[in-house]
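What follows is a set of notes on a single structure, which appears directly below.
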Amino acid sequence: MPLTFTENASLRQLNTFGVDQRAARLVEVTDPGDLPEAVAMLAAAPERLVLGGGSNLLFTRDFAGTVLLLRTRGLRVIERSGGTSLVEAEAGESWDGLVRWTIAQGLGGLENLSLIPGSVGASPIQNIGAYGVEMRECFAGLDALDLDGTQQRSFTPGECAFGYRDSCFKKGDGRRWLIARVRFRLPDDWAPKLDYGDLREELERQGIGSATPADVASAVRAIRRRKLPDPAVLGNAGSFFKNPVIGREQAQELLARHPGLPSWPAGQATKLSAAWMIDRCGWKGRREGDAGVHSSHALVLVNHGNATGAQLLALAGRIRESVAERFGVMIEPEPTII
Ligand SMILES: Cc1cc2nc3c(=O)[nH]c(=O)nc-3n(C[C@H](O)[C@H](O)[C@H](O)COP(=O)(O)OP(=O)(O)OC[C@H]3O[C@@H](n4cnc5c(N)ncnc54)[C@H](O)[C@@H]3O)c2cc1C
């Protein structure tokens, strides 16, 4: 199907916050073969944005340039060797669709990441993670197109600089790459990863002893459905803040003053629970007009109806300030702010 164009397009259905902004021009691409043409078109635009599922961004204004909506499709096993399978997915595939498809092929590895909204192409950008697993653990490589030129290239895992909710594509010069397709290496000798307490408990509750990838996926889905707000019902972008990572010494001082503050080792540093700190500052369940903090998730900002992106961003700013004031720690937003 050729590229489709919409002038003055509404973005409301294209972002999970349900924020009502518009784009001067929206270009939808469904055929991977049309990507070079679409990218060339972006180069000429006054500003540009690649959009997947819109589940990790916040529009605070109308977009004066061109939004490229990636809806390219394609899922394939490209190699089975050495006890692993190499799977390739086009960027516009839904992430959860990929997880379901791999499980249907008898392949485990991605099941802990079930039901994360959004597209395959966005998954490396913040190295999506959930229930004790990060995407990078199965990541084998990706193909990208240069938004600033005509270059196309592949990235190996080592070149992506993955970190906690981070990669080279999330910042600086790395932002110039459009991720076109992603490859994952999935092991034949799969073993469940059940480090996350809730997941073990859910499997026990369901009476499952020796879990298959499908069992783990269904346990993760059950937990997520119980715990996380469905964006179709209540606008949100999942966790709005990342857990801050600070030096060990500063963390020790903080933990001495706040013994209940959950923390985890992160290499030479310490990761702290942003949710706990936000909750202690009294934000959970608070609402300012239609912008609010979810009643059971301090990390999740919600749109109760007609909040603007600017109102949600202002609320986020007040939350950050109060956490900084009380704990001396700056928490950073996870979604892209536009
Ligand atoms: C209810 C809910 C739960 C969530 N749970 C989790 C979770 O458990 N773990 C987690 O890690 N995240 C979670 N998220 C966040 C989000 O789902 C992920 O970050 C997801 O990968 C975003 O995908 P997307 O296609 O929606 O990206 P978008 O929101 O469309 O884009 C996000 C950013 O990536 C860029 N981008 C998108 N696609 C491409 C591409 N192909 N090439 C280059 N740049 C691109 C965009 O320009 C933008 O800057 C959750 C979100 C929601 C709403």
Side-chain angles (χ1 to χ4, degrees), residues 11 13-19 23 29 32 35 38-39 42 47-59 63 65-72 89-99 110 112-136 142-147 155 160 162-171 174-182 196 198-199 220-221 223-243 294 297 299-303 333-338:
L11 297 169
Q13 303 295 328
L14 299 178
N15 72 97
T16 59
F17 261 123
V19 160
V29 55
L35 278 174
V39 165
L42 279 194
E47 49 173 353
R48 67 194 182 198
L49 176 75
V50 178
L51 185 61
S55 64
N56 207 25
L57 48 77
L58 176 62
F59 289 107
F63 197 75
T66 300
V67 173
L68 179 61
L69 185 60
L70 264 184
R71 293 288 183 259
T72 48
E90 297 296 331
E93 288 285 348
S94 101
W95 172 263
D96 191 51
L98 167 68
V99 176
L110 301 179
N112 292 49
L113 305 177
S114 291
L115 220 57
I116 296 181
S119 61
V120 166
S123 65
I125 291 181
Q126 71 157 7
N127 174 30
I128 56 170
Y131 299 95
V133 170
E134 288 182 338
M135 186 234 48
R136 69 169 149 189
L142 61 81
D143 298 336
L145 279 79
D146 188 350
L147 293 168
F155 285 77
C160 296
F162 290 125
Y164 161 64
R165 299 293 186 275
D166 200 21
S167 75
C168 69
F169 305 106
K170 210 172 173 181
K171 49 193 182 267
R175 289 206 187 100
R176 75 176 212 264
W177 294 103
L178 176 147
I179 297 173
R181 68 192 57 82
V182 188
Y196 207 85
D198 278 9
L199 191 47
V220 169
R221 286 175 203 285
I223 300 171
R224 292 186 73 104
R225 288 207 174 97
R226 257 197 325 265
K227 288 193 158 179
L228 286 167
D230 177 357
V233 179
L234 186 63
N236 75 91
S239 300
F240 196 88
F241 296 103
K242 297 200 277 188
N243 287 322
H294 193 266
H297 282 282
L299 277 188
V300 179
L301 296 198
V302 293
N303 177 2
E334 187 184 296
T336 303
I337 312 289
I338 290 158

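For this chain, numbers begin at 1 and follow the sequence in order. Each ligand, and each atom within it, is numbered from 1 in the order the structure gives.
Under the 4.5 Å side-chain criterion, counting only non-hydrogen atoms from C-beta, Leu142 is in contact with Phe169. Annotation: side chain of Arg136 is not in contact with side chain of Cys160 (no heavy-atom distance under 4.5 Å). Taking 4.5 Å as the limit, every side-chain heavy atom of Leu70 sits out of range of all side-chain heavy atoms of Ser119. Counting heavy atoms from C-beta outward, Thr72 and Val29 have side chains that approach closer than 4.5 Å. When side chains are defined from C-beta on, Asn236 does not count as touching His294, because their heavy atoms never get closer than 4.5 Å. Inter-residue side-chain proximity for Phe59 and Leu49 is flagged as met; some heavy-atom pair is nearer than 4.5 Å. Asp96 has its side chain within reach of Ser114: a pair of non-hydrogen atoms, C-beta onward, lies under 4.5 Å apart. Contact annotation: the side chain of Ile125 approaches that of Ile179 to within less than 4.5 Å [non-hydrogen atoms, C-beta and beyond].
Of the protein's non-hydrogen atoms, Gly238 N, 3.3 Å is the one closest to atom 52 (C) of ligand 1. Counting only heavy atoms of the protein, atom 23 (O) of ligand 1 lies nearest to Ala122 CB, 3.2 Å. Protein heavy atom at the shortest distance from atom 20 (C) of ligand 1 is Pro117 O, 3.5 Å. Scanning the protein for heavy atoms near atom 8 (O) of ligand 1, the closest one is Arg224 NH1, 3.0 Å. Closest protein heavy atom to atom 26 (O) of ligand 1: Ser55 OG, 2.6 Å. What sits closest to atom 13 (C) of ligand 1 on the protein, heavy atoms only, is Ile116 CG2, 3.8 Å. The protein heavy atom nearest to atom 33 (C) of ligand 1 is Thr336 OG1, 3.6 Å. Nearest to atom 34 (O) of ligand 1 among the protein's heavy atoms is Ile125 CD1, 3.4 Å.
Judged by distance alone, with hydrogens and angles left aside, the side-chain atoms of Trp95 form a donor-acceptor pair with the main-chain N or O of Leu113 at under 3.5 Å.
Note that CG of Asn127 and CG of Asp166 are 8.5 Å apart. Values are rounded to the nearest 0.5 Å.
Note on ligand 1: Arg165 sits in its first shell, one or more heavy atoms being nearer than 4.0 Å. Residue-ligand proximity: Met135 is placed with every non-hydrogen atom at 4.0 Å or more from ligand 1.
Those atoms of ligand 1 that come under 4.0 Å of a heavy atom in Gly121, given as number and element, are 40 (C), 41 (N). The Thr16 neighbourhood of ligand 1 comprises atoms 53 (C), with distances under 4.0 Å to a heavy atom of that residue. Of all atoms in ligand 1, listed by their number and element, those nearer than 4.0 Å to a heavy atom of Trp177 are 43 (C). Less than 4.0 angstrom separates some heavy atom of Leu57 from each of these atoms of ligand 1: 29 (O), 31 (O). With ligand atoms numbered from 1 in the order given, ligand 1 contributes 30 (O) to contacts under 4.0 Å with heavy atoms of Leu51. Atoms of ligand 1 lying under 4.0 Å from at least one heavy atom of Gly118, given by number and element, are 23 (O), 24 (P), 25 (O), 26 (O). Atoms of ligand 1 found under 4.0 Å from any heavy atom of Leu178, numbered from 1 in the order shown, are 42 (N), 43 (C). Contact atoms of ligand 1 toward Gly52: 25 (O), 30 (O) (distance under 4.0 Å to a heavy atom of the residue).
Tested against Glu334 for a salt bridge (charged side-chain N to carboxylate O under 4.0 Å, His left out), the candidates Lys170, Arg165, Lys242 yield a single pass: Arg165.
Distances between N or O atoms of Leu49 and those of ligand 1 include no value under 3.5 Å. In terms of polar-atom proximity, defined here as any N/O pair under 3.5 Å, Gly54 does make such a contact with ligand 1.
Heavy atoms of Ser119 found under 4.0 angstrom from ligand 1 belong to the backbone as well as the side chain. Residue-level proximity to ligand 1 for Leu70 is carried by the side chain, the only part with a heavy atom below 4.0 angstrom. Counting heavy atoms closer than 4.0 Å to ligand 1, residue Asn56 contributes atoms from both its backbone and its side chain. With a 4.0 Å heavy-atom cut-off, ligand 1 is reached by the backbone of Val50 and by its side chain too. At a heavy-atom distance under 4.0 Å, no atom of Asn15 approaches ligand 1.
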Subject >> Worked check of side-chain contact (heavy atoms from CB on, under 4.5 Å) between Leu14 and Val67 >> reply: CA-CA 11 Å; Leu14 299 178; Val67 173; over 6 Å; no

